[in-house]
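Keep in mind the model is a prediction, meaning the values are calculated, not measured. By convention in this document, chain letters (A, B, ...) are assigned in the order of the sequence lines, proteins followed by strands, and residues within each chain are numbered from 1.
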2 protein chains.
Amino acid sequence: MPQTEKRSYDPEAPVDPRVETLVNELIGRVADKWTLLVLEELDEHGTCRFTRLAQLVPGISQKMLTQTLRAMERDGLVHRKVHPVIPPKVEYSLTALGQSLGEAFCGVWHWAEAHLCEVEAARTAFDTRD
Amino acid sequence: MPQTEKRSYDPEAPVDPRVETLVNELIGRVADKWTLLVLEELDEHGTCRFTRLAQLVPGISQKMLTQTLRAMERDGLVHRKVHPVIPPKVEYSLTALGQSLGEAFCGVWHWAEAHLCEVEAARTAFDTRD
DNA sequence: GCCTATACTCTCCAAAGGAAAGTAGGCACC
DNA sequence: GGTGCCTACTTTCCTTTGGAGAGTATAGGC
């Protein structure tokens, strides 16, 4: 079966190559393991503080959490609210843009839940075959 | 505004923590920059050979292309057809599972195209503010 | 004076990733 | 018969990224 259509959206797209490059860069930036996991926890739990997020995201190091949050803030995905108190209090929350990305990734979570067994079956088949 | 619902799908989910862990692992595996880019090119161009993919995916090294394709094959996302001829000929194509993942990521491509300008604006704002 | 709590920041080391050269093996050309 | 080509990888070497754990600054409580 050949491709019936190139993509399921935007069928008449000639797509400017510069735009395609930029989109590829953005995907490379945003399709990061930690970004995705942080996005999900913020989407699920709402506003969170640093240490809460560190507990929620399984296996992330403090360094990566800081870096990921900074990058997401730079991209306009999260809002960082600093309360100037002692001890320091910083709250992170999703912006509207971040929430829209979360919704866009919804389909992927769905897919992962739905096809978990298939993937595992494919893995064991691959491992035993070789 | 508090969270009106925890996720936009599966509102009554208590979600087995073991499943959640597995899903997280799978997301971490699949939400990789190179996996995503390879998936898109295979989705867009259909069956491709190794060197063709290397040209299509901007900036990938041969080692990463090999590793990514192997991992995707192991996960049942791509099919690897070897023609025993000289010079060697190997064709890669998406399986049904791979195509379903491509469709799931559709929303993310959509999002990236739609919000590119917002992200760039947020970046320049962040960079000049600091 | 000392301890605590918080959000980082720094240092050191291991793992991942990129560039470029090497490999296998039949085939065409000289 | 030797040389080089073609493709899909490997291998090697080196840079960058990422993780573990300790350190920093600050003010209030004991």
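For Tyr92(B), counting side-chain heavy atoms from C-beta on, the closest listed nucleotide (dC9(D), dA5(C), dA7(C)) is dC9(D). In this structure, the nucleotide among dC8(C), dG18(C), dA27(D) sitting nearest to the side chain of Phe50(A) is dC8(C). In this structure, the nucleotide among dG19(D), dT26(D), dG18(D) sitting nearest to the side chain of Ile86(A) is dT26(D). Side chain of Gln62(B), nearest nucleotide from dG18(C), dA7(C), dA21(C): dA21(C). For Pro87(B), the side-chain atoms get nearest to dT7(D) when compared with the rest of dT7(D), dA7(C), dG18(C).
Proximity of Leu69(B) to Arg80(B): side-chain heavy atoms (C-beta onward) are nowhere separated by under 4.5 Å.
Here the closest non-hydrogen pair linking Arg49(A) and Pro88(A) is NH2-O, 3.2 Å. Pairing each heavy atom of Val38(B) with each of Leu65(B), the nearest pair is CG2-CD1, 4.0 Å. Annotation for Leu37(A) and Val57(A): closest pair CB-CG1, 4.0 Å, computed over non-hydrogen atoms.
In this structure, CD of Gln67(A) is placed 18 Å from P of dA7(C), rounded to the nearest angstrom. One interatomic measurement links the two molecules: CG of Leu69(B) to P of dT10(D), which rounds to 12 Å at whole-angstrom precision. Following rounding to the nearest Å, Asp32(A) (CG) and dT17(D) (C1') show an atom-to-atom distance of 11 Å. The distance between atom CG of Leu53(A) and atom P of dT6(C), rounded to the nearest whole Å, is 14 Å. The NZ atom of Lys81(A) sits 15 Å away from the P atom of dA7(C) (whole-angstrom rounding). Atoms CG (Leu65(B)) and P (dA19(C)) sit 13 Å apart, rounded to a whole Å. Counting to the nearest Å, the P atom of dC9(D) and the CE atom of Met64(B) are 15 Å from each other. With rounding to whole Å, His83(B) atom NE2 is found 10 Å from dA8(D) atom P.
As judged by a 4.0 angstrom heavy-atom cut-off over every strand, Arg80(A) is placed among residues touching the sugar-phosphate backbone only. Lys63(B) comes within contact range of at least one nucleobase, with a heavy-atom separation under 4.0 Å.
Taking only side-chain nitrogens and oxygens, Arg70(A) comes nearer than 4.0 Å to OP1 or OP2 of dT9(C). At the phosphate of dA8(D), OP1 or OP2 sits under 4.0 Å from a side-chain N or O atom of Arg49(B). For the OP1/OP2 pair of dA8(D) and a distance below 4.0 Å, the side-chain nitrogens and oxygens of Thr51(B) include at least one atom meeting the criterion. Between Trp34(B) and dG18(C), a side-chain N or O to OP1/OP2 separation shorter than 4.0 Å is present.
Using modelled atom types, no side-chain atom of His110(A) and backbone atom of Cys106(A) make a donor-acceptor pair closer than 3.5 Å.
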